[in-house]
Amino acid sequence: MDVIIKTNGFNTLYVHAAGRLDLDSAVEYGTKVKDAIEDSDNAITEVILDFSQITFISSFGLKIILELYKHLKSQDGILKLKGVSESIMSSFQMVGFDKFLVFE
Amino acid sequence: MFKTVRSKVIITALIMLTFLMSAFAWHTIISRMKTKQLMVQNYVYSIDKFVAAMDDRIIKSEDNLKGLSLIGSLYYKTDRSDELTDKVITRIFENYPETLGGGIWFKPYIVDKSKKYVCFYAFRDKNNNIVIDKNFASEEYDYPNQEWYKQIISQVTPKRNIVLTKPYYENLGSYTKMVTVGTGIYVDDELIGIVTVDMEINSIMDDVSKMKPIEKTLSMYKSGGEIKNSFALFGNYKDDYIIATTDPYLDGEKLVGHSLREIPWYADNLYEITYITYHGKKYVPFVKKMSNGMELIICIPKSEMFKDIDRFYSYIVIIMVIIGLIAPMLLYYSMNNYIIKPIDKLINIAYKIGNGEDIQIKIEKPEEFAQLASTFDEMTKDIKSITQERAKINSELSIAKSIQVTSLPNVFPAFPDKTEFDIYASMDAAKEVGGDFYDFFFINESEFMFLIADVSGKGVPAALFMMKVKTLINNISQIGYNPKELFEKINKSVSETNKQGFFVTLLAFIVNINTGKMSVINCGHNPPLIKRKGGKFEFLKLASNFPLGIFDDTEFELFETTLNSGDLIYTYTDGVTEATTKDNEIFGEGRLCTCLNDIEEISPTVIIRKVKSALQLFTDSAPQSDDITMLTFKYNGRGNVKNFKQESKLENYKDFYSWIHSACNEWKINKDLANKLDMCAEEIFANITFYAYPERTGTIEAKLNNSDGNIILEFQDEGIEYNPLEKPDPDINLPPEKRQLGGLGIFMIKRIADVIHYKRENNRNILTLIFKIK
């Protein structure tokens with residue numbers, strides 16, 4: 001899975017990926033984001049996940065999202081999701097993630 | 001207790017012994033009585049003999065007296081030669097050896113007026129020489145004044161009677177007790193003197209007291225001595241005086257010459273009396289009256305008389321008692337040793353052999369039991385070999401049964417790559433090999449044939465025939481006849497080779513799996529049940545043909561119909577409908593139909609399983625009398641089922657989801673449902689991949705079924721037992737910091753799937769998810 005991670009030079013990380021966030025790709029996606037946070041010169045306080053091209057999220061994907069959320073939270077950061085499709089939104093709602101995730 | 005051989009034999013033996021002892025005792029009593037009588041008779045005989053001897057002696061002394069009397073008269077009448085007379089007397093005495101002495105005594109002055117005493121006397125001296133004694137013709141002796149002389153002379157008559165003197169003591173020095181017998185000398189009826197013969201009493205009495213039963217006849221009772229404590233009375237009954245008595249309680253010497261009445265026990269009728277009691281003792285009196293009026297009475301103590309006999313019989317009684325005591329003990333001992341113990345041993349060993357122990361019986365004695373034991377051994381060997389043989393036959397039969405069962409297709413799913421239909425069949429053979437069978441196979445690329453049949457009869461012949469028919473059907477089916485032709489050919493072949501008169505009921509279906517077109521033939525078999533999609537199970541009305549193997553030229557009538565996706569056919573043999581309870585109630589078609597319609601899940605496997613458990617519940621523990629065979633076919637139609645089977649590896653996930661995607665595309669599943677399927681499928685795939693096989697890789701099988709407006713997703717794996725439904729749900733209302741990372745997947749599946757069902761079967765986890773297509 002191709003994951004494009006950009007930074008605004010300050011404290012925000014912009015993550016773009018396309019396709020399925022599932023057993024096959026979720027772990028890679030999560031690792032890449034975490035690595036980018038670690039590798040950044042500045043302290044990352046905001047991560048924006050671009051979901052506009054994400055077609056499917058499985059329980060593994062959800063698990064990674066929760067993991068990232070917790071990771072950022074521990075660093076007083078914030079996780080934002082952008083362009084979430086209706087079907088993926090329903091998945092978030094099903095497991096109650098909509099209550100704490102920030103959607104743009 | 002009284003039913004054992006031991007007690008019976010003992011009781012019989014005791015009864016016999018009692019009889020024997022009674023007979024013996026009776027015999028003993030009688031013989032004792034008889035012996036006593038014999039004994040008494042012997043005494044009588046002995047006494048008779050003795051008395052006869054006495055009589056003889058008296059008669060002889062009479063002869064003696066006659067001789068002396070003749071000499072006396074001759075002396076008186078003729079020359080009166082003293083010398084000659086002495087010689088003649090001596091000669092007479094020599095002829096009568098019993099005589100102690102005797103003589104001729106003339107009355108005073110009768111021979112010679114100048115001589116007062118004229119007498120001749122001779123006696124036996126100690127050396128048994130006859131001596132003439134002249135001393136009696138003297139003043140000193142004065143024989144006419146002697147008591148014996150006076151007694152005799154006063155009693156003699158011219159009839160020459162014999163006169164006995166009372167016993168007296170010879171006073172010439174020896175003082176022996178004497179009795180003198182005498183008679184008169186008459187010349188011309190004038191008494192001129194007397195003649196006498198002396199007899200010694202004591203020797204007679206001695207003889208009496210020494211008298212005993214004749215030894216020869218009673219030698220068996222011989223005790224070696226005389227009969228003790230017996231005593232005798234010798235008396236003159238006529239003149240009533242005692243001659244002699246040896247009565248130990250009386251002074252015999254004093255009583256000599258006294259009246260017999262002075263004897264206390266004496267009675268006139270003594271010979272009539274069995275016994276007398278005298279000084280506290282019982283005596284048997286033997287009375288003998290002699291010719292001259294003398295009487296001899298011998299009293300023998302009863303106890304002495306029968307002492308030997310009583311002792312003898314008391315020995316016999318003791319011996320009998322000992323035998324009576326020992327015999328049962330001996331009997332018991334020998335019976336115990338020779339009968340009961342071997343029997344016990346045999347029982348014990350038979351019991352052990354019955355328990356499977358390998359024992360040889362060792363009995364050497366008695367011979368019968370040794371023989372029995374060896375026979376028993378033989379029998380045990382025979383039984384063992386028979387049992388082994390039977391076990392062999394049984395194992396061969398069970399092999400035959402398993403060959404029969406395994407000759408039927410029994411791997412399910414039978415055609416995993418064919419999604420057009422599901423088929424499931426089972427045969428539960430009864431104890432014996434039977435004639436039920438089912439079969440299914442493709443007869444060409446598109447036509448699938450399945451059949452169920454029942455060969456008449458049971459056992460190995462039916463099973464062999466069944467194998468033949470099964471092979472025959474399979475072979476002929478491949479040739480390519482049309483259905484009608486095909487079954488007529490099959491029937492012909494079966495009939496032609498059927499020498500044993502078997503017949504086969506058959507229900508066969510040929511289905512075109514692409515079009516659902518189906519030909520059915522029923523040759524005398526139980527009608528099938530069909531459930532059309534959305535409907536209920538009902539019996540399929542079919543024309544029934546003759547069973548196979550009866551007529552070789554039968555024409556068959558076929559039934560044709562078309563199956564639609566979701567249609568289901570249930571076939572069975574009579575083992576199902578004729579399953580019987582203990583009360584002989586049969587399951588029947590009605591119950592079968594109800595049972596089938598109560599099943600919610602329409603899968604061939606489930607249907608057969610449910611019917612089986614219904615049958616078990618119905619028959620309870622009654623033994624299965626017939627094969628129970630069922631076959632269920634479900635027509636899915638073309639492309640309604642998709643199968644997936646791969647190793648449980650993560651890298652196969654891509655293949656897996658593209659399999660789901662392609663199915664969703666093919667079936668035009670809306671995106672939302674496709675997503676849901678995707679989500680659930682992934683989670684289960686991951687679960688199986690990560691957890692089902694902890695130390696190895698196994699398989700993961702999945703099946704997608706589009707049927708009746710549902711998408712059924714079924715997973716199977718052979719991993720460790722795991723029911724995901726038992727996992728508790730995570731609390732989705734918790735703040736994110738507190739939430740666990742895991743457990744989401746199962747939770748989601750439960751929310752997404754319309755029906756979710758888990759079962760563990762044949763060591764497989766089977767998870768079924770049903771999604772409704774809206």
Side-chain angles (χ1 to χ4, degrees), chain A residues 1-2 18-31 33-34 47 49 51 53-81 84-103, chain B residues 646 648-661 664-665 669-691 700 702 724 727 729-753 769:
Chain A
M1 181 183 213
D2 291 333
R20 296 164 62 86
L21 208 54
D22 60 7
L23 186 59
D24 192 40
S25 54
V27 176
E28 187 191 350
Y29 180 87
T31 311
V33 175
K34 273 194 255 176
V47 174
L49 305 179
F51 261 51
Q53 299 293 308
I54 298 291
T55 54
F56 172 74
I57 185 162
S58 77
S59 61
F60 278 84
L62 292 168
K63 195 174 130 186
I64 294 301
I65 298 299
L66 181 61
E67 210 177 310
L68 284 175
Y69 175 86
K70 284 189 172 182
H71 186 74
L72 276 170
K73 192 89 181 176
S74 68
Q75 297 179 6
D76 289 329
I78 185 161
L79 183 72
K80 287 182 179 172
L81 283 85
V84 176
S85 73
E86 209 174 298
S87 70
I88 290 175
M89 194 60 188
S90 71
S91 296
F92 284 135
Q93 283 165 349
M94 194 188 298
V95 294
F97 284 12
D98 60 321
K99 286 169 191 157
F100 56 86
L101 286 177
V102 180
F103 300 98
Chain B
Q646 288 269 18
S648 63
K649 285 181 179 167
L650 199 55
E651 51 260 45
N652 290 330
Y653 176 64
K654 273 182 185 165
D655 285 350
F656 178 68
Y657 84 68
S658 42
W659 169 72
I660 292 181
H661 274 234
C664 287
N665 285 338
I669 305 287
N670 66 59
K671 202 165 174 279
D672 182 43
L673 182 56
N675 249 340
K676 284 178 175 177
L677 273 169
D678 203 347
M679 208 173 275
C680 297
E682 186 226 42
E683 171 66 18
I684 296 159
F685 184 92
N687 265 344
I688 293 170
T689 308
F690 294 147
Y691 306 119
I700 175 162
K727 201 165 176 175
D729 291 341
D731 186 354
I732 59 163
N733 294 318
L734 283 174
E737 299 80 22
K738 289 187 179 171
R739 289 192 59 167
Q740 301 287 318
L741 292 177
L744 285 172
I746 299 298
F747 172 73
M748 285 169 79
I749 289 168
K750 285 189 200 165
R751 300 287 292 271
I752 295 166
L769 309 175

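Proteins get letters first, then strands, A, B, ... in listed order; numbering begins at 1 in each. From a predicted model like this one, the values you see are computed outputs, not experimental measurements.
Contact of the B:Phe690 side chain with the A:Leu23 side chain is registered, since non-hydrogen atoms from C-beta on lie closer than 4.5 Å. The side-chain heavy atoms of B:Met748 and A:Leu62, taken from C-beta on, include a pair separated by under 4.5 Å. At a threshold of 4.5 Å between non-hydrogen side-chain atoms, the residues B:Leu744 and A:Phe97 count as touching.
There is no contact between B:Glu651 and chain A, counting heavy-atom distances below 4.5 Å. Only the backbone of A:Ile57 comes within less than 4.5 Å of a heavy atom of chain B; no side-chain atom from C-beta onward does. Neither the backbone nor the side chain of B:Ile746 comes within less than 4.5 Å of any heavy atom in chain A.
Minimum interatomic distance between A:Met94 and B:Arg751 (heavy atoms only, all atoms of both residues): O-NH1, 3.7 Å.
In terms of the side chain to side chain donor-acceptor pair (under 3.5 Å) criterion, residue partners of A:Lys99 (sequence neighbours excluded) are, by chain and number, B:Asn733. Partners of A:Lys70 by side chain to side chain donor-acceptor pair (under 3.5 Å), not counting sequence neighbours: none found. In terms of the side-chain contact (heavy atoms from CB on, under 4.5 Å) criterion, residue partners of A:Gln75 (sequence neighbours excluded) are, by chain and number, A:Ile37, A:Glu38, A:His71.
Against chain A, the residues from residues 673-680 of chain B that qualify, each with a non-hydrogen atom under 4.5 angstrom away, are B:Asn675, B:Asp678, B:Met679 in number order.
The candidate with the highest count of non-hydrogen atom pairs below 4.5 Å against chain B, out of A:Thr55, A:Leu66, A:Ile64, is A:Leu66. If you tally non-hydrogen atom pairs under 4.5 Å between each of B:Phe747, B:Tyr653, B:Phe685 and chain A, the highest count goes to B:Tyr653. Each of B:Lys654, B:Glu682, B:Lys671 has some count of heavy-atom pairs under 4.5 Å with chain A, and the biggest count is that of B:Glu682.
B:Asp729 CG: more than 12 foreign heavy atoms inside a 6.0 Å radius. Under a cut-off of 6.0 angstrom, the local environment of CZ in A:Phe103 is crowded, with over 12 non-hydrogen atoms contributed by other residues, nucleotides or ligands.
The closest donor-acceptor contact from the side chain of B:Glu683 to the backbone of A:Ser59 lies at 3.5 Å or more, if one exists at all.
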